J.: 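Starting off with a structure, shown below.
Chain naming here is simple, since letters A, B, ... match the order of the sequence lines and numbering starts at 1 in each. Just so it is clear, the structure is predicted and the values come from calculations on it, not from any experiment.
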Amino acid sequence: GQNIDQPTEMTATEGAIVQINCTYQTSGFNGLFWYQQHAGEAPTFLSYNVLDGLEEKGRFSSFLSRSKGYSYLLLKELQMKDSASYLCAVGDGSGNTGKLIFGQGTTLQVKP
Amino acid sequence: DTEVTQTPKHLVMGMTNKKSLKCEQHMGHRAMYWYKQKAKKPPELMFVYSYEKLSINESVPSRFSPECPNSSLLNLHLHALQPEDSALYLCASSQDPHRDLKYEQYFGPGTRLTVT
């Protein structure tokens with residue numbers, strides 16, 4: 001079966017650091033993606049990991065451990081505009097179709 | 001340019017109407033996708049086109065009919081929809097996942113559809 005778990009909601013303070021975890025159990029694996037989605041808007045691509053380790057991109061970093069079926073998104077120096085839903089998605093490995101399996105999303109609220 | 005455009009932004013239609021949603025990208029992407037998204041839920045894949053051919057249909061009812069006229073355009077034809085089909089319809093595109101290691105999907109702004 002396909003299962004991707006991430007916390008439903010998180011709250012953090014402006015200027016702080018927050019880590020959003022994602023665990024997955026999927027029949028195939030072709031990379032792990034993180035997307036940001038503000039209310040009423042389209043998802044925006046944040047990061048992609050296919051090999052184990054940390055990928056850093058400005059204030060955002062993403063980590064992957066394939067053996068543990070685990071990823072996290074790290075947001076540093078939080079800003080109010082980071083309040084959004086964060087979607088973890090696994091690339092379906094069967095047939096390299098481009099199909100993404102999404103988690104339910106984590107709603108992050110940044111408070112002053 | 002990483003832009004995917006969609007028209008219209010909003011659409012209200014009756015259950016007997018026929019309408020079409022349009023999507024366009026000029027990034028040279030050869031894979032295009034249609035998603036449906038309900039409030040507070042993740043996007044739900046409907047169709048995938050690869051090199052203008054339908055490669056995935058996620059058991060979508062036939063009242064939704066996709067079309068890919070060329071490599072830049074993707075349409076979704078709607079007919080005899082139900083009120084529960086009201087949702088945000090998102091189009092996305094990506095590099096060829098068979099050939100490119102990094103095939104992140106770029107989403108359009110979506111069409112907010114209301115079926116009355």
J.: Do B/V60 and B/M32 belong together in a cluster built from hydrophobic side chains that touch within less than 4.5 Å?
T.: yes

J.: Count the heavy atoms belonging to other residues, nucleotides or ligands that lie under 6.0 Å from NZ of B/K9, then report whether that count exceeds 12.
T.: no

J.: Is there a path of hydrophobic side-chain contacts, each under 4.5 Å between heavy atoms of I, L, V, M, F, W or Y residues, that connects B/M15 with B/L76?
T.: yes

J.: Report whether B/I56 and B/F107 are members of the same hydrophobic cluster (ILVMFWY, side-chain heavy atoms less than 4.5 Å apart, transitive linking).
T.: yes

J.: Is the shortest heavy-atom distance from the side chain of A/Y48 to the side chain of B/Y103 under 4.5 Å?
T.: yes

J.: Answer yes or no: is there a side-chain heavy-atom contact under 4.5 Å between B/P43 and A/L100?
T.: no

J.: Rounded to the nearest 0.5 Å, what's the gap from CG on B/L90 to CD on A/E41? Could you check?
T.: 11.5 Å

J.: Would one find more than 12 heavy atoms of other residues, nucleotides or ligands at under 6.0 Å from atom CD of A/E14?
T.: yes

J.: By a 4.5 Å heavy-atom criterion (distance strictly below it), what part of B/Q37 contacts chain A: side chain, backbone, both, or neither?
T.: side chain

J.: Heavy-atom pairs under 4.5 Å with chain A: which of B/S94, B/P42, B/G110 has the most?
T.: B/P42

J.: Could you check whether any side-chain heavy atom of A/K99 comes within less than 4.5 Å of a side-chain heavy atom of B/E58, counting everything from C-beta outward?
T.: yes

J.: Of the listed residues (A/A42, A/P43, A/A39, A/G105), which shares the most heavy-atom pairs with chain B below a 4.5 Å separation?
T.: A/P43

J.: Any chance NZ of B/K38 has more than 12 other-residue heavy atoms, nucleotides or ligands included, within less than 6.0 Å?
T.: yes

J.: Are B/F64 and B/L74 grouped together when hydrophobic residues (ILVMFWY) are joined by side-chain heavy atoms under 4.5 angstrom apart?
T.: yes

J.: Grouping I, L, V, M, F, W and Y whenever their side-chain heavy atoms are under 4.5 Å apart, do B/W34 and B/L113 come out in a common cluster?
T.: yes

J.: Heavy atoms only, distances under 4.5 angstrom: which of B/K41, B/R112, B/Q105, B/Q95 has the most pairs with chain A? Name it, please.
T.: B/Q105

J.: Rounded to the nearest 0.5 Å, what separates atom CG in A/D92 from atom CG in B/L45?
T.: 9.5 Å

J.: Just do the side chain to side chain contact (heavy atoms under 4.5 Å, CB included) check on A/Y35 and B/E104 with the steps written out, would you?
T.: CA-CA 10 Å; A/Y35 283 84; B/E104 66 269 20; 4.3 Å; yes

J.: Tell me if a side-chain donor or acceptor on B/Y106 pairs with a main-chain N or O of A/T44 at a distance below 3.5 Å.
T.: no

